[in-house]
**Student:** 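Can you read through this structure? Questions will come right after.
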Amino acid sequence: MSQSAKPVRQGTAAPLSGVLVADFSRILAGPYATMLLADLGADVVKVEGPHGDDTRTWMPPTRGEVSTYYLGINRGKRSIALDLRDEDGAEVARRLARRADVLIENLKPGGMAKYGLDFDSLRRDNPGLIYTSITGFGAGPGRHVPGYDLMVQAISGLMSLTGDPDGPPYRAGISVFDVMAGNHAAIGILAALRHRDATGAGQLVEVNLLSSALTGLVNHSSAYVAGGTVPYRMGNAHPSVFPYEPLPTADNDLIVTAANDGQFRKLCEVLGIPEVADDPRFARNADRTAHREQLRPLLVERLVTRGATEWFEALVEAGVPSGPINTIDGGFAMAERFGLDPVVIVGEGDRAVPTTRHPIRFSATPAAYRLPPPELDEHGEELRKWLSRVEEAESGVEGTDHG
């Protein structure tokens, strides 16, 4: 655990306070989205099957006997275990959905309809519901294709761009499109809540991994859509900018990104070769990209005279973007060095869990980390009682509507 991890501040007003999220999602994209919403104050109820979210068993690594995968994307939530194949369980789920401001699910398209939990069924009793569906390939002709991140990395073209030019394609080191789709789901939910604030009407929000992937390929997508060019693997090189890749030093490789003419001139000055910036072959970015094979050895000849850390300090001081290639522990150490406080502790005592800080900072309504990742059905009894009390109150029976 990071030595700078800090207990989190409690009791701060949150922007999504009062928003109830019924989270029927599992694995990564949906749980990541709902964790972000929980950080912003939403009351997230994680609905799990009798055996729990799949990621509870995705190990190693573990913290104690709990999967760190599960811990990393489920803070701030309450858990209730429901067997939707059992009518009693499905009815509790429907009662929760009727109370929710937001419902998010990532079953196969049509999967929720079997339990009366589809958008059309629920909006009759809950017209303000924001119903968010995450799929792999949409609800149309691709509805039958399972949606796993690795499949989308392959199908979208990302893997064709990752790896050495003469080597095999590679997957990204993380489930990048699950995370991206989770972010898109959170954005969609926030926009739909804003619309509901203005009109009172809920809506269906649909996110699919392939669409998230194609927009996430950004310049490569544009190269094909706008330019008719199919990009190819270039290892760590950039198709449109040079230098913009790792270069060897006396000890380790260093990322050097001189993305404009001013940065390139500063790079040459720090390296002690100012004349290279005046060479017409390297005067503009387009020239440097066209003549990268001539320029690279000139840069490397100087870089190998000092170590990566020494060059990093000198280049950053001069305003040239660069960075060492760290392992994960080095990445957290760098964030600590820059005062980003990357680790927060959620929960208390035996339930305290170090977790990665929410990525957005707010000056007035900071993220809050109220609950550690829940144990399976940890809050099932209290949630069932709350639903019963709410319904009793609405039917005129004495009770309360507070959880």
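Side chains are part of it too, since the values below use all heavy atoms of this structure and drop only hydrogens, waters and symmetry mates.
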**Student:** Treating Asn252 as the side-chain partner and Ile325 as the backbone partner, does any N or O pair qualify as donor plus acceptor under 3.5 Å?
**Tutor:** no
**Student:** A side-chain contact here means heavy atoms from C-beta on lying under 4.5 Å apart; do Leu387 and Val390 qualify?
**Tutor:** no
**Student:** May I ask you to test the Leu84-Leu117 pair for a side-chain heavy-atom distance under 4.5 Å?
**Tutor:** yes
**Student:** Regarding Glu105 and Ser133, do their side chains bring together a donor and an acceptor under 3.5 Å, going by distance alone?
**Tutor:** yes
**Student:** Check whether Asn285 reaches the backbone of Ser240 with its side chain - one donor and one acceptor, N or O, closer than 3.5 Å.
**Tutor:**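 Pair found, side chain donor or acceptor close to backbone of Ser240.
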**Student:** Any idea which heavy atoms bring Ser67 and Arg56 closest together, and the distance?
**Tutor:** CB-O, 3.5 Å
**Student:** Below 4.5 Å, heavy atoms only, C-beta onward: do Leu209 and Tyr148 meet side chain to side chain?
**Tutor:**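 Counting from C-beta outward, Leu209 and Tyr148 never come under 4.5 Å.
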**Student:** Verify, without hydrogens or angle tests, whether His379 (side chain) and Ile80 (backbone) share a donor-acceptor contact under 3.5 angstrom.
**Tutor:** no
**Student:** Please list all pairs passing the salt bridge (charged side-chain N to carboxylate O under 4.0 Å, His left out) test where one or both residues lie in residues 145-171, with sequence neighbours left out.
**Tutor:** none
**Student:** Which pair of non-hydrogen atoms, one from Val21 and one from Ala42, has the smallest distance, and what is that distance?
**Tutor:** CG2-CB, 3.9 Å
**Student:** Could you check whether Arg296 makes a cation-pi contact with Phe242, meaning its NZ or CZ is under 6.0 Å from the centre of the six-membered ring and within 45° of the ring axis?
**Tutor:** no
**Student:** Is there a side chain to side chain donor-acceptor pair (under 3.5 Å) between Arg63 and Thr68 once you walk through the steps?
**Tutor:** CA-CA 6 Å; Arg63 179 178 178 83; Thr68 59; over 6 Å; no
**Student:** Would the distance check show the side chain of Asn126 and the main-chain N or O of Leu122 forming a donor-acceptor pair, the cut-off being under 3.5 Å?
**Tutor:**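 Looks like no, no N/O pair under 3.5 Å.
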**Student:** Got a second to check how far Arg124's CZ is from Leu129's CG, nearest 0.5 Å?
**Tutor:** 12.5 Å
**Student:** Would you check if there is a donor-acceptor pair between the side chains of Ser212 and His184 at a distance under 3.5 Å?
**Tutor:** yes
**Student:** Measure across Arg78 and Leu371 and return the closest heavy-atom pair with its distance rounded to 0.1 Å.
**Tutor:** CG-CD1, 3.8 Å
**Student:** Specify the closest pair of heavy atoms between Glu293 and Pro297, including all atoms of both residues, with the distance to one decimal.
**Tutor:** O-CD, 3.2 Å
**Student:** Check whether Arg75 reaches the backbone of Pro374 with its side chain - one donor and one acceptor, N or O, closer than 3.5 Å.
**Tutor:**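 No.
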**Student:** What pair of heavy atoms forms the shortest contact from Ala185 to Ile104, and how long is it?
**Tutor:**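 Heavy atoms of Ala185 and Ile104 come nearest at CB-CD1, 4.4 Å.
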**Student:** Verify, without hydrogens or angle tests, whether Ser322 (side chain) and Val256 (backbone) share a donor-acceptor contact under 3.5 angstrom.
**Tutor:** no
**Student:** With a 4.5 Å cut-off on side-chain heavy atoms, are Tyr131 and Leu103 touching?
**Tutor:**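 Heavy-atom side-chain distance check passes, below 4.5 Å.
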**Student:** Do Glu378 and Arg351 have side chains that get closer than 4.5 Å, going by heavy atoms?
**Tutor:**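 The answer is yes; the side chains approach within 4.5 Å.
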**Student:** What I'd like to find out is whether the side chain of Met59 reaches to under 4.5 Å of the side chain of Tyr70, using heavy atoms alone.
**Tutor:** no
**Student:** I'd like to check Leu254 versus Phe312 (side-chain heavy atoms, cut-off strictly below 4.5 Å). Are they in contact?
**Tutor:**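 Yes, their side chains come closer than 4.5 Å.
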**Student:** So which of Thr305, Val320, Leu299 actually passes side-chain contact (heavy atoms from CB on, under 4.5 Å) with Leu271?
**Tutor:** Leu299
**Student:** Answer yes if the side chains of Asn208 and Ser211 hold a donor-acceptor pair under 3.5 Å, and no otherwise.
**Tutor:**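 There is such a pair between these side chains.
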**Student:** Less than 3.5 Å apart, any donor N or O on the side chain of Ser388 or Arg95 sitting next to an acceptor on the other?
**Tutor:**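 A pair is found: one side chain offers a donor N or O, the other an acceptor, under 3.5 Å apart.
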**Student:** Please walk me through it: do Asp251 and Thr249 pass side chain to side chain donor-acceptor pair (under 3.5 Å)?
**Tutor:** CA-CA 5 Å; Asp251 47 23; Thr249 70; 3.1 Å; yes
**Student:** Have Thr289 and Asp287 got a donor and an acceptor in their side chains that come within less than 3.5 Å?
**Tutor:**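 Checked: Thr289/Asp287 side chains show no N/O donor-acceptor pair below 3.5 Å.
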**Student:** Kindly compute the distance separating SG (Cys268) from CD1 (Ile273), expressed to the nearest 0.5 Å.
**Tutor:** 5.0 Å
**Student:** Have Thr34 and Lys46 got a donor and an acceptor in their side chains that come within less than 3.5 Å?
**Tutor:**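 No, because no side-chain N or O of Thr34 sits under 3.5 Å from a partner of the opposite role on Lys46.
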**Student:** For Ala259, does its backbone N or O pair with a side-chain atom of Thr257 as donor and acceptor, under 3.5 Å?
**Tutor:** no
**Student:** Nearest heavy-atom pair of Pro248 and Leu303: which atoms, and what distance?
**Tutor:** O-CB, 3.3 Å
**Student:** Which pairs pass ring-ring contact (aromatic ring centres under 6.0 Å, His included) with one or both residues in residues 33-64, sequence neighbours excluded?
**Tutor:**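 Listed by first then second residue: Trp58-Tyr69.
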